[in-house]
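Working notes, structure below.
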Amino acid sequence: MPVMQEKYQPEEIELAAQAHWKKTGAARAIEDLSKPKYYCLSMFPYPSGKLHMGHVRNYTIGDVLARFHKMQGFNVMQPMGWDAFGMPAENAAIQNNVPPAQWTYSNIEYMKGQLNRLGFAIDWERELATCKPDYYRWEQWLFTRLYEKGLIYKRYGTVNWDPVDQTVLANEQVIDGRGWRSGALIEKREIPMYYMKITAYAEELLADLDQLGGWPEQVRLMQKNWIGKSYGCEISFPYDAASIGAEGQLKVFTTRPDTLMGATYVAVAAEHPLATQAAANNAALGEFIEECKRGGVAEADMATMEKKGMPTGLHVVHPLNGEKLPVWVANYVLMGYGEGAVMAVPAHDERDFAFATKYELPIRMSIASKTGAYTDVVAPWQEAYAEYGVCTNSGKYDGLDFQAAFDAIAADLEAKGLGAKRTQFRLRDWGISRQRYWGCPIPIIHCESCGDVPVPDDQLPVVLPENVTVTGAGSPLAKMPEFYECSCPKCGQPARRETDTMDTFVESSWYFLRYCCPDNDQAMVDERVAYWCKGGIDQYIGGIEHAILHLLYSRFWTKLMRDVGLFGDVKLDEPFANLLTQGMVVAPTFYRDLDGGKKQWINPADVELQCDERGRPVAATLKSDGLPVVIGGTEKMSKSKNNGVDPQALIDQYGADTARLFIMFASPPDQSLEWSDAGVEGAYRFLKRVWRLVHEHVTAGCVTAYAGGELSAELKTFRRQLHQTIGKVADDFGRRKQFNTAIAAVMELLNAYAKLSETSEVARTVRQEALEAVVLMLFPIVPHVSEAAFAELRPGQTAGNQPFPQVDASALVQDEIELMLQVNGKLRGSLLVPASADKAAIEAAALASETVQKHLEGKAPKKLVVVPGRLVNIVV
RNA sequence: GCCGAGGUGGCGGAAUCGGUAGACGCAGCGGAUUCAAAAUCCGCCGUUGAAAAACGUGAGGGUUCGAGUCCCUCUCUCGGCACCA
């Protein structure tokens with residue numbers, strides 16, 4: 001047997017361990033009904049080029065949980081793949097003239113190498129890339145099924161249009177209302193798009209949140225608010241024939257029908273038919289409508305922009321009191337939301353109040369405060385105005401509270417055929433059409449006589465051509481006759497293939513199911529899903545930024561696949577049983593302003609910071625030219641802001657184990673983490689210390705771990721700490737999923753180990769027991785060094801195949817415990833009592849203690865609080 | 001603007017159910033070892049104070065024998081807002 005290396009040499013032992021795992025297929029997952037399964041899923045990466053620290057954090061958490069559960073006897077699957085379609089590939093193509101496919105595949109190859117260098121126990125036989133036809137063909141296949149079921153439909157939707165590049169832009173590509181490449185002012189444009197009817201599942205998506213007990217409460221809450229179920233009324237305002245010149249009704253939805261008698265105007269979106277009609281002979285209004293159509297479509301911009309409006313000169317009739325109400329066009333009313341029109345009650349809605357004040361529209365109080373918070377509605381706005389109260393100035397409804405008024409008004413509206421109660425969702429249908437090249441083609445053929453025809457199964461997949469030139473202007477597929485020219489599957493006449501591709505969220509909505517059976521070329525999923533996904537995927541790990549969209553879409557797709565019958569008899573309503581939302585790894589951003597409002601983002605690694613005396617950055621310069629750069633915000637690491645930190649330098653210098661240990665030790669996983677490599681040395685030092693202590697121990701000769709027998713007080717205390725630590729680490733890994741504290745506990749244990757003075761034979765067996773436990777407890781986090789160290793402690797055995805250390809309950813027994821002594825809640829000392837002492841005995845001992853006597857100053861205590869095992873508080 | 005989360009020493013963080021605030025680590029300081037250095041080991045390390053003690057968990061208020069933890073108001077930072085992924 002070769003002698004253990006004295007020096008810790010990470011690269012050598014890591015490459016050896018990785019080669020060994022590869023040879024033995026240690027990470028391969030095979031369906032095995034004899035063991036409980038543990039499907040450990042991390043969000044797959046977009047292959048942007050290199051890993052960044054956010055990836056290292058995400059995948060290390062996954063690997064720790066996967067390896068820990070394997071040691072706990074589970075049959076573990078940890079797959080990995082590539083979210084390979086998306087915009088950055090097109091941007092790279094424009095910049096560097098590389099086809100998106102080639103760029104993507106070479107990124108995948110490089111990043112896969114990085115993942116392997118980090119030693120993750122990934123079953124690569126299940127690897128998938130969403131840009132490959134054998135993956136996306138099934139997405140197309142399901143699309144055609146959903147289309148036939150009416151769950152996908154076509155309608156107009158609003159997009160950001162760049163009039164110079166003649167292309168649709170993502171919200172991210174619109175900066176201050178201008179296109180990021182052209183600098184042109186962006187306009188809203190209505191184009192036909194395919195939508196998935198997620199609203200048809202709103203009720204179930206909301207209700208099933210209750211069964212997601214393994215999800216963070218904050219994520220469930222965000223999803224609940226996003227779905228946004230509200231109860232209200234739809235109300236129709238009949239057209240005033242005199243001003244509009246036609247019969248008709250303007251429909252609105254409101255959650256506050258009780259305030260209806262306070263409505264003083266209605267507002268419609270710029271795209272609303274009434275607005276269009278009024279603008280026909282009103283140039284100023286037409287101009288205003290054009291102004292409303294400028295700018296992007298992002299909700300955040302809509303919500304923060306200045307609220308503007310203009311009267312149309314048209315009127316509608318109040319459905320209950322018959323008053324004529326003016327119709328205004330307002331930039332804050334969106335055509336895509338609800339009815340594209342709202343009723344305005346300035347007295348009891350903050351936004352309407354501001355608008356009415358600005359344009360001197362009447363404000364009519366129709367709700368009286370229940371608490372007397374106000375008696376009249378006057379400027380400035382008070383929050384109490386919007387509270388539920390009692391109807392006033394509302395004729396027959398006066399005196400009714402919210403619910404009574406709601407019911408009465410709804411009943412009256414219904415009797416007149418001008419309204420009804422309705423449940424409304426904030427959730428909107430999911431627009432999945434993208435006018436982009438690098439995505440999954442939408443499997444539809446447009447035929448002049450047959451209309452939109454889904455591509456038949458035997459013609460799937462519709463393969464995306466990979467050799468294209470991307471220019472950034474227009475959609476490349478729409479310029480490729482060899483792609484779009486085809487014949488109608490129904491009538492055989494010449495037809496045109498759809499050239500839009502799907503939103504990349506579609507691919508990421510079901511990849512976790514395909515991991516179970518990536519090799520099946522006959523079906524989207526098969527019975528292996530039943531094995532791995534039974535009861536849900538056991539652990540999903542990914543960034544908190546996906547709390548709403550990705551996680552909601554994935555839940556939705558799982559339900560769609562279920563309802564298409566893809567799971568057979570297996571009940572799978574929710575894909576993810578347990579969710580760990582990782583906090584963002586954030587880093588400062590730096591940029592320089594370029595012409596046309598564009599920004600050049602500079603990587604933090606290329607920047608030199610100047611700090612003030614308190615260490616706060618005040619200025620920054622580019623290392624290469626020494627000239628200043630602007631300090632931006634601290635944001636999540638991303639390709640677009642160029643603030644990602646490549647872990648490669650860290651791995652090269654210290655090895656994978658140090659990188660893994662450091663990022664796990666830096667903070668708890670759900671907390672956001674501002675990146676800094678200060679402290680990496682400490683992680684490295686700790687691993688060297690582990691190595692050295694094992695080396696010292698094994699060079700003195702092998703022994704078997706302690707199995708019983710009399711121990712000195714020192715060893716007894718140490719063993720108690722050892723087994724307390726085992727309990728804590730198992731709890732941290734299994735229940736708490738907090739790794740920094742587990743590492744800290746092992747560090748403390750090792751500090752205690754180093755202080756042990758005894759050298760007897762029994763002391764050596766306790767040391768053996770402790771080192772074995774330390775190495776196995778660390779194994780999930782730093783598998784390479786643990787593997788190597790364990791092979792020295794127990795020659796011929798593999799750490800990865802060991803069970804996790806077990807707590808010896810007898811080692812935890814304690815004769816005496818220390819209680820804190822408080823007087824009036826202030827810590828004054830401590831008290832040693834027998835572990836068996838009852839409350840009365842503790843009280844007596846506390847009162848008798850010198851410290852307490854001193855603070856009592858002869859007075860009798862008013863109250864005694866005894867918290868067993870913790871403290872005694874004496875109130876004087 | 002709306003929804004969600006967070007703010008604790010010079011820094012990352014700990015305190016798991018309302019019960020010793022600052023575990024563990026980084027940085028710093030002092031010492032041992034060394035011809036010297038690196039590496040390693042030992043000790044100190046919230047603020048004020050000579051000490052006793054007082055103060056101290058973003059700010060202000062409240063509940064409690066006791067609050068970093070619960071409640072209210074404010075403030076700053078981060079994530080999301082439907083075409084970044």
Side-chain angles (χ1 to χ4, degrees), chain A residues 7 43 45-46 48 83 86-88 159-160 168-174 216-219 221-222 224-226 228 296-305 332 336 351 427-436 503-505 508 543-550 552-553 581 583-584 586 614-615 633-636 638-641 662 665-668 670-674 676 678-683 685-686 688-689 692 728 731-732 735-736 738 740-741 743-748 751 754 818-827 830 862-865 867 869-871 873-876:
Chain A
K7 195 167 172 264
M43 288 184 186
Y46 178 80
S48 56
D83 189 12
M87 258 190 356
V159 295
N160 302 306
V168 174
L169 295 184
N171 286 334
E172 188 192 48
Q173 298 171 311
V174 179
E217 190 51 43
Q218 54 156 317
V219 176
L221 189 56
M222 279 191 266
K224 179 175 182 252
N225 292 338
W226 183 262
V297 298
E299 196 203 72
D301 298 334
M302 293 292 171
T304 47
M305 74 186 172
Y332 64 82
R351 192 173 57 183
L427 181 69
R428 312 198 296 261
D429 276 341
W430 175 14
I432 55 166
S433 293
R434 297 291 179 272
Q435 299 67 43
R436 288 185 218 296
D503 181 0
T504 56
F505 272 125
S508 56
I544 183 67
E545 77 270 31
H546 294 294
I548 295 174
L549 294 180
H550 162 64
L552 190 65
Y553 293 149
T581 44
M584 297 291 83
V586 297
R614 296 180 65 179
T634 301
E635 299 183 49
K636 74 168 173 177
S638 73
K639 184 146 189 83
S640 61
K641 296 283 168 69
F662 175 61
F665 186 56
S667 78
D670 55 355
Q671 213 164 94
S672 72
L673 171 65
E674 189 164 346
S676 156
V680 173
E681 276 294 338
R685 215 164 0 212
F686 174 67
K688 280 194 288 190
R689 188 169 154 92
R692 204 188 52 249
K728 177 178 175 47
D731 186 48
D732 277 351
R735 179 182 63 92
R736 294 218 299 160
Q738 185 166 298
N740 56 333
T741 46
I743 295 164
V746 178
M747 285 175 167
E748 278 183 88
N751 289 343
E818 194 187 19
L819 297 180
M820 291 303 117
L821 264 184
Q822 289 186 343
V823 178
N824 286 334
K826 285 206 165 87
L827 184 69
S830 65
K862 274 187 198 153
K863 192 175 171 181
L864 265 167
V865 183
V867 183
R870 287 263 182 201
L871 57 72
N873 187 16
I874 294 148
V875 187
V876 184

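Numbered from 1 within each chain, the chains take letters A, B, ... in sequence-line order. On a predicted model such as this, the values are computed, not experimentally measured, just so you know.
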Between rC35(B) and rC44(B), how many Å separate the two P atoms, rounded to a whole number? 28 Å
Checking one value: the base orientation of rC55(B), syn if chi is within 90 degrees of 0, otherwise anti. anti
Applying a 4.0 Å non-hydrogen cut-off, can you work out what F686(A) is touching in the nucleic acid: base, sugar-phosphate, or nothing? nothing
Select base, sugar-phosphate, or nothing to describe what R870(A) touches, counting heavy atoms under 4.0 Å on all strands. sugar-phosphate
Whole-Å distance separating the CG atom of D503(A) from the P atom of rA85(B): 8 Å
Need one value for T304(A): base, sugar-phosphate or nothing, where a base atom within 4.0 Å counts as base even if backbone is also close, heavy atoms only. base
Compare the minimum distances between each of rG19(B), rA82(B), rA85(B) and the side chain of Y46(A), then state the nucleotide with the smallest one. rA85(B)
Quick test: give all pairs of protein nitrogen or oxygen and nucleotides 26-30 of chain B nitrogen or oxygen below 3.5 Å, distance rounded to 0.1 Å.
from, atom 1, to, atom 2, distance (Å)
rC26(B), OP1, R685(A), NE, 3.1
rC26(B), OP1, R685(A), NH2, 2.7
rA27(B), OP2, R685(A), NH2, 3.2

Just to be sure I understand the rule, does S640(A) reach a base, reach only the sugar-phosphate, or reach nothing, if contact means heavy atoms closer than 4.0 Å? nothing
Taking atom P in both rA82(B) and rC72(B), what distance in whole Å separates the two? 30 Å
Can you name the residues that form a side chain to side chain donor-acceptor pair (under 3.5 Å) with W430(A), not counting sequence neighbours? D503(A)
Checking contacts here: which listed nucleotide (rA82(B), rG13(B), rA85(B)) is nearest the side-chain heavy atoms of R428(A)? rA82(B)
Separation of atom CD in E674(A) from atom C1' in rC78(B), rounded to whole Å: 10 Å
Between N225(A) and N824(A), the residue closer to the 5' end of RNA chain B by nearest nucleotide is N225(A)
Within less than 4.0 Å of OP1 or OP2 of rA39(B), is there a side-chain N or O belonging to R692(A)? no
Can rG9(B) be described as syn, meaning its chi torsion is within 90° of 0, or is it anti? syn
Could you tell me how far rA38(B) sits from rA32(B) if I compare only their C1' atoms? Round to whole Å. 16 Å
Remember a base hit wins even if backbone is also touched, and classify K728(A) as base, sugar-phosphate or nothing at under 4.0 Å, heavy atoms. base
Against N171(A), only a single residue in V297(A), D301(A), V159(A) fulfils side chain to side chain contact (heavy atoms under 4.5 Å, CB included); can you say which? V297(A)
In dot-bracket notation, what is the pairing pattern of RNA chain B, taking Watson-Crick (N1-N3 plus N6-O4 or O6-N4) and G-U wobble (N1-O2 and O6-N3) contacts under 3.5 Å, with [ ] crossing and | for other strands? (((((((..(((......[....))).(((((.......))))).(((....)))..(((((..]....))))))))))))....
Looking at R689(A), I'd like to know whether one of its side-chain N or O atoms comes within less than 4.0 Å of OP1 or OP2 on rG25(B). no
Roughly how far apart, to the nearest Å, are rU63(B) and rG25(B) at atom P? 41 Å
Q738(A) vs D670(A) side-chain heavy atoms within contact, under 4.5 Å: no
Does M820(A) reach a base, just sugar-phosphate, or nothing at all? Heavy atoms under 4.0 Å. base
Quick note, A744(A) side chain, CB onward, closest among rA23(B), rC65(B), rG13(B) is rA23(B)
For the C1' atoms, the ones on rG9(B) and on rC2(B), what distance do you get once it is rounded to whole angstrom? 36 Å
Need one value for L871(A): base, sugar-phosphate or nothing, where a base atom within 4.0 Å counts as base even if backbone is also close, heavy atoms only. base
When the P atoms of rG19(B) and rC71(B) are considered, how many whole Å apart are they? 15 Å
Let me know, please, whether K688(A) or P668(A) comes out on the 5' side of the other along RNA chain B by nearest nucleotide. P668(A)
Whole angstrom is fine here: how far is it from CD in Q671(A) over to P in rG7(B)? 7 Å
Tell me every residue that passes salt bridge (charged side-chain N to carboxylate O under 4.0 Å, His left out) with D731(A), counting only those two or more places apart in sequence or in another chain. R735(A)
Interatomic distance where OH belongs to Y553(A) and C1' belongs to rC84(B) [whole Å]: 13 Å
Describe the nucleic acid contact of G228(A) in one word from base, sugar-phosphate, nothing, applying a heavy-atom distance below 4.0 Å. nothing
Only counting residues at least two apart or in another chain, list the ones meeting side chain to side chain donor-acceptor pair (under 3.5 Å) with E635(A). K641(A)
N/O contacts under 3.5 Å, protein versus nucleotides 79-81 of chain B?
from, atom 1, to, atom 2, distance (Å)
rG79(B), OP1, K636(A), N, 2.9
rG80(B), OP1, K636(A), NZ, 2.8
rC81(B), O2', E299(A), OE1, 3.3
rC81(B), O2, E299(A), OE1, 3.2

With sequence neighbours left out, write down each residue that passes side chain to side chain contact (heavy atoms under 4.5 Å, CB included) with V174(A), or none if nothing qualifies. N160(A), L169(A), I186(A)
With sequence neighbours excluded, residues passing side chain to side chain contact (heavy atoms under 4.5 Å, CB included) with M222(A): Q218(A), I544(A), A547(A), I548(A)
Considering every strand and a 4.0 Å limit on heavy-atom distances, what is the contact class for L864(A): base, sugar-phosphate, or nothing? nothing
Sugar-phosphate only, base, or nothing, as touched by D732(A) at under 4.0 Å among non-hydrogen atoms: nothing
Give the rounded distance in Å between these two atoms: CG of L221(A) and C1' of rG4(B). 7 Å
Please tell me if the side chains of M820(A) and R870(A) come closer than 4.5 Å, counting only heavy atoms from C-beta onward. no
OP1, OP2 of rA23(B) versus side-chain N and O of N740(A): anything below 4.0 Å? no
Got a sec, which residues hit ring-ring contact (aromatic ring centres under 6.0 Å, His included) with F662(A), two or more places apart in sequence or on another chain? W675(A)
May I ask you to say what F665(A) touches in the nucleic acid, namely base, sugar-phosphate or nothing, with a heavy-atom cut-off under 4.0 Å? base
The salt bridge (charged side-chain N to carboxylate O under 4.0 Å, His left out) partners of R736(A) (sequence neighbours excluded) come to D732(A)
For H550(A), which residues count as a side chain to side chain contact (heavy atoms under 4.5 Å, CB included) partner, sequence neighbours excluded? M43(A), F505(A), S508(A), Y511(A), Y540(A), H546(A), S554(A)
Residues two or more places apart in sequence or in another chain: which of them pass side chain to side chain contact (heavy atoms under 4.5 Å, CB included) with K862(A)? none
Pairwise side-chain contact, F686(A) with M747(A), heavy-atom cut-off 4.5 Å (strictly under): yes
With a 4.0 Å cut-off on heavy atoms, is Q738(A) in touch with a base, just the backbone sugar-phosphate, or nothing at all? sugar-phosphate
Sugar-phosphate only, base, or nothing, as touched by V219(A) at under 4.0 Å among non-hydrogen atoms: nothing
Taking rG56(B) as the reference, what is the distance to rA21(B) when you measure between their P atoms (whole Å, please)? 13 Å
Compare the minimum distances between each of rC24(B), rA21(B), rA15(B) and the side chain of L827(A), then state the nucleotide with the smallest one. rA21(B)
Counting only side-chain nitrogens and oxygens, does S672(A) get under 4.0 Å of the OP1 or OP2 atom of rG6(B)? no
Say we look at rG46(B) and rC24(B): how far apart would their P atoms be, to the nearest angstrom? 13 Å
